[in-house]
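See below for the structure under consideration.
Start at 1 with the first residue, then count along the sequence.
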Amino acid sequence: MGINNWHVSERPREKLLEKGRQHLTESELLAILIGSGDSKNNALVLAREILSSCNDDLHALSRMDVNQLIRVKGVGNAKAIRIISAFELGRRRSSQEAGKKCSVTCSKDAADVLHPILADLSHEEFWVLYLNRANKIIKQQMISKGGIAGTVVDSRLIFKSALDSLSSSIILAHNHPSGNEKPSKADTELTQRLKEAGKFLEIPVLDHIILTSEAYFSFADEGLL
């Protein structure tokens with residue numbers, strides 16, 4: 001049965017207007033987002049199929065790309081793009097809110113800023129937080145983007161940007177799509193190399209944060225800086 005044939009109070013859009021967004025299930029919210037079903041299933045059934053494809057895990061859904069989403073029968077490029085766009089808006093909202101912190105005083109402050117950007121990615125990205133003397137964030141910048149296993153980092157680009165923005169210190173960060181937050185040998189070697197470069201330029205590296213969807217690792221907290 002099509003959604004238009006349901007009782008008004010049970011239709012997702014009307015339910016949101018009448019009861020508020022907090023009273024809708026994930027599948028109902030997703031049904032509103034994708035807008036319509038296909039010739040066989042209405043939008044709500046299709047939304048449940050999409051959620052089922054990722055075991056009802058919203059974190060897993062947020063990491064899916066267009067090619068993965070369109071594997072669900074009834075999902076085309078347009079619906080996949082709507083879903084990806086919605087999650088990206090959510091990430092940016094969370095990042096903006098975290099970035100309004102007065103200053104970065106500990107690893108958790110830095111992780112809170114970076115988590116919305118990096119935690120749900122299916123590939124590695126390397127970012128830097130540039131700080132002033134009060135440890136306030138001047139800017140945050142993606143330095144490189146790679147594959148599942150790693151990314152290439154150019155130290156010259158990092159410190160040129162630090163000098164151009166008159167940064168007093170920096171915090172390094174990247175994600176591990178594998179879910180293992182522990183640093184690799186290459187991560188440790190890179191951190192030490194950038195630490196030494198920062199000493200020479202009097203722009204100290206305060207921390208290197210490795211993020212996953214569930215946790216983070218801080219080189220500073222572990223005494224590795």
Does K185 have any side-chain contact (heavy atoms from CB on, under 4.5 Å) partners at least two apart in sequence or in another chain, and if so, which?
E189
Show the numbers, then the answer: is there a side chain to side chain contact (heavy atoms under 4.5 Å, CB included) between I70 and V66?
CA-CA 6 Å; I70 62 176; V66 170; 4.2 Å; yes
Salt-bridge test for K15 and E28: reply yes if a basic N is under 4.0 Å from a carboxylate O, no otherwise.
yes
Ignoring hydrogens and geometry beyond distance, is a side-chain donor-acceptor pair present between [X] and [Y] at under 3.5 Å?
X: Q141; Y: Y130; result: yes
X: S62; Y: D120; result: yes
X: D207; Y: S107; result: no

Distance check, rounded to the nearest 0.5 Å: [X] atom [atom1] versus [Y] atom [atom2]?
X: E125; Y: K145; atom1: CD; atom2: NZ; result: 5.5 Å
X: E222; Y: T188; atom1: CD; atom2: OG1; result: 11.0 Å
X: N135; Y: S168; atom1: CG; atom2: OG; result: 8.5 Å
X: I84; Y: L61; atom1: CD1; atom2: CG; result: 9.0 Å

Do the side chains of [Y] and [X] get nearer than 4.5 Å, heavy atoms only?
X: L51; Y: E26; result: yes
X: L46; Y: K79; result: yes
X: L69; Y: I83; result: yes

With sequence neighbours excluded, residues passing ring-ring contact (aromatic ring centres under 6.0 Å, His included) with F217
F219
Any sub-3.5 Å donor-acceptor pair from D109's side-chain atoms to T105's backbone N or O?
yes
Decide if atom CZ of R82 counts as having more than 12 heavy atoms of other residues, nucleotides or ligands within a radius under 6.0 Å.
yes
List the residues meeting side chain to side chain donor-acceptor pair (under 3.5 Å) with [X], not counting sequence neighbours, and say none if there are none.
X: D154; answer: R156
X: S144; answer: T151
X: K139; answer: S161

Closest non-hydrogen contact found for I209 with S218 is CD1-CB, 3.9 Å
Using a 3.5 Å cut-off and no angle test, enumerate the donor-acceptor pairs between side-chain atoms of residues 191-199 and protein atoms at least two apart in sequence or in another chain.
{"from": "T191", "atom 1": "OG1", "to": "D187", "atom 2": "O", "distance (Å)": "2.7"}
{"from": "T191", "atom 1": "OG1", "to": "H208", "atom 2": "ND1", "distance (Å)": "2.7"}
{"from": "Q192", "atom 1": "NE2", "to": "L224", "atom 2": "O", "distance (Å)": "2.9"}

